[in-house]
Amino acid sequence: MDFTLNDEQRMFAETAQTLFADTCTPDHWRKQMETGEARDDARWQAIVETGFTLLLLPEAVGGLGLTELDFALIAEQAGYVALPEPLVESAGVAAPMLASLAPDHEALSDPSATIAIQHPSNPFVLDADLAAAILLHKDGEAYLATPDQVTLTREQSIDPFRRLFRVDWDPAKATALGKVDWDLALDRAALFCAAQGLGLAQRAVDMAVSYAQERQQFGKAIGTYQAVKHHLASAQVAIEFARPVVVAAAADIGNCDVQARARVSHAKLVALEAAEKAARASIQVHGAMGYSWEVDVHLFLKRALALTQNWGTPNFHRSRIATRMFTQPTGPDQTFARETENA
Amino acid sequence: MKILVPVKRVIDYNVKPRVKADGTGVDLANVKMSMNPFDEIAVEEAIRLKEKGVATEIVAVSVGPAKAQETLRTALAMGADRAILVQTDDEVEPLAVAKILKAIADEETPGLVILGKQAIDDDSNQTGQMLAALTGRPQGTFASEVTVDGDSVTVKREVDGGLETVKLTMPAIVTTDLRLNEPRYASLPNIMKAKSKPLANKTPADYGVDIAPRLKTLKVSEPPVRQAGVKVPDVDTLVAKIKELGIA
């Protein structure tokens with residue numbers, strides 16, 4: 001499996017990195033937390049103009065027809081800035097699903113519109129109040145409703161930027177869209193959670209490294225002490241080990257089989273474990289102030305914890321890996337083999 | 001009208017440069033490189049002129065190593081129509097760059113050449129002015145506003161005392177200051193289109209330019225570490241300290 005990104009993909013990632021670095025700074029986070037605003041309109045506008053919301057939509061509905069790997073690169077950068085807007089859930093999961101069910105739906109014709117999704121694996125729906133449409137689940141069937149056709153109750157999240165809602169709704173008032181592959185939505189979401197995990201982890205390490213180079217103790221920067229260096233090196237190693245797993249899962253997701261699903265689950269587990277490990281290490285390196293609201297590391301730990309429990313718990317994902325291990329041949333020669341090859 | 005926009009691949013503005021241990025230059029190993037920010041402003045201005053219908057074609061040019069292709073691809077993704085890479089692994093001084101640009105300008109006959117006022121790696125601030133001298137074209141440097149009207153271009157310049165407005169007959173040379181515009185992000189569809197836009201590979205020899213350095217770098221060193229401040233108990237002591245330091 002070739003994990004090398006092409007020039008185009010590197011430019012996608014660089015564009016996302018630059019855009020988010022300019023528009024999602026610590027000042028932006030604090031302002032948004034103080035005002036309680038759901039979105040930064042200027043940032044969302046820039047995201048829309050850059051085409052990120054169209055990335056996974058088919059060309060037939062005005063999208064770019066790109067792949068999950070391309071979107072994962074954007075999701076990683078979104079993780080690096082703990083992006084408050086629901087770009088990943090809307091453009092990465094809900095919009096492609098709606099496009100497969102109702103390609104002519106008006107919510108797809110406006111690139112700035114967001115689509116929320118209620119999935120059986122999640123108790124609550126992200127940003128449901130501001131969505132142009134909400135995809136709903138009942139007995140394996142998909143339904144579509146607008147926020148005014150459902151009852152929304154705000155629920156608290158550990159992450160100050162995740163706006164969660166319990167959605168109570170009546171199928172008679174929603175539009176039935178028919179059967180849909182909810183597992184594909186889960187796989188995409190879990191994959192993009194993993195990609196965000198890489199970004200969260202890297203930001204936590206970068207913040208810690210920057211602080212460790214600056215903070216002096218006993219006349220030297222604390223980063224020169226082995227106890228600090230080892231913590232951060234372990235966190236970086238976890239990131240480097242998780243990255244190829246995420247890329248492999250992104251490259252393989254389209255196969256929609258036991259192997260591909262195990263890869264996605266593996267990616268979600270290791271990337272979010274890396275994110276939590278890096279955030280906890282970063283808090284340790286920042287010392288007592290690492291626990292304070294003034295240091296932004298808490299945002300990354302909270303996002304990592306929130307994503308870990310969303311789109312399948314760790315136990316659920318471990319069970320999918322177990323299914324792969326116990327039903328398919330294992331061993332070094334089977335790492336990249338498909339089950340069809342062993343049928 | 002055609003617009004020529006030279007762009008330079010430099011160390012990214014977010015990266016803190018580190019001097020090599022032997023003091024011979026800045027360490028560029030594994031350092032993120034990107035388009036010189038002033039050149040990004042130049043590309044953006046050219047695109048805006050094209051969007052207004054003033055320009056018909058934007059040609060991006062870079063002089064540097066093969067990796068400078070990435071910088072040119074960024075310019076193409078922003079909206080330039082085609083690109084020319086004058087490839088060399090040697091360090092090229094502003095005069096040699098200006099000579100290469102003159103040769104390209106002679107070939108391409110652009111109505112405007114829009115350059116960044118300086119590159120953030122060497123801060124020379126010379127190429128635009130040298131190009132104007134070599135080509136004998138009028139120059140409007142440090143532009144914070146550019147308005148094309150028929151055969152002339154009006155440039156509002158940022159000078160020490162405030163703003164100066166000059167009117168130049170085209171063809172002309174303009175160098176951009178920070179406040180001229182805010183460059184756009186390359187959109188994903190444009191990044192995809194950029195791959196199919198033409199990029200010509202040339203060498204300095206193709207333009208008959210000798211790029212041998214005229215300057216010798218003796219030593220590169222970090223700026224001195226800022227000294228800690230002194231706390232004074234009252235204004236009188238502050239005044240005495242200032243006098244003692246010879247500041248006032």
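Just so it is clear, the structure is predicted and the values come from calculations on it, not from any experiment.
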(request) Nearest 0.5 Å please: distance from the OG1 atom of A:Thr18 over to the CG atom of B:Asn14. (result) 8.5 Å

(message) Side chains of B:Lys32 and A:Gln17: any donor to acceptor distance under 3.5 Å?
(response) yes

(request) Mind listing the closest non-hydrogen atom pair of A:Gly51 and B:Leu188 along with its distance? (result) O-CD1, 4.0 Å

(message) If I measure from the heavy atoms of chain B, does A:Leu54 come under 4.5 Å with its side chain, its backbone, both, or neither?
(response) neither

(request) Would you indicate whether A:Arg30, at its atom CZ, is surrounded by more than 12 heavy atoms from other residues, nucleotides or ligands within a distance under 6.0 Å? (result) yes

(request) Enter the distance from A:Asp70:CG to B:Met192:CE here, rounded to the nearest 0.5 Å. (result) 8.0 Å

(request) Could you pull out the closest heavy-atom pair between A:Glu49 and B:Ser187, with the gap in Å? (result) O-CB, 3.7 Å

(message) Is A:Glu8 in contact with chain B via its backbone, its side chain, both, or neither, using a 4.5 Å heavy-atom distance?
(response) both

(message) If I measure from the heavy atoms of chain A, does B:Ser34 come under 4.5 Å with its side chain, its backbone, both, or neither?
(response) neither

(message) Looking at A:His105, I want to see if its NE2 is surrounded by more than 12 non-hydrogen atoms of other residues, nucleotides or ligands under 6.0 Å.
(response) yes

(message) Counting neighbours of CD on B:Glu91 that are heavy atoms of other residues, nucleotides or ligands and sit closer than 6.0 Å, is the number greater than 12?
(response) no

(request) Answer yes or no: does atom CD of B:Glu51 have more than 12 heavy-atom neighbours from other residues, nucleotides or ligands under 6.0 Å? (result) yes

(message) On a heavy-atom basis, which atom in A:Leu64 and which in B:Pro189 lie closest, and how many Å separate them?
(response) CD2-CG, 3.6 Å

(request) Look up atom OG1 in A:Thr15 and atom CZ in B:Arg184, then write down how far apart they are to the nearest 0.5 Å. (result) 13.0 Å

(request) Measure distances from B:Arg73 to the heavy atoms of chain A and classify the residue's part below 4.5 Å as side chain, backbone, both or neither. (result) both

(request) Verify the neighbour count for atom CD of A:Glu106: are there more than 12 heavy atoms of other residues, nucleotides or ligands below 6.0 Å? (result) no

(request) Taking atom CD of A:Gln226 as the centre, report whether more than 12 heavy atoms of other residues, nucleotides or ligands fall under 6.0 Å from it. (result) no

(request) Could you tell me which non-hydrogen atom of A:Leu19 sits nearest to which non-hydrogen atom of B:Tyr185, and how far apart they are? (result) CA-CE2, 3.5 Å

(message) With a sphere of 6.0 Å drawn around OH of A:Tyr225, does it hold more than 12 non-hydrogen atoms of other residues, nucleotides or ligands?
(response) yes

(message) Could you tell me if the side chain of A:Asp7 sits less than 4.5 Å from the side chain of B:Gln69, heavy atoms only?
(response) no

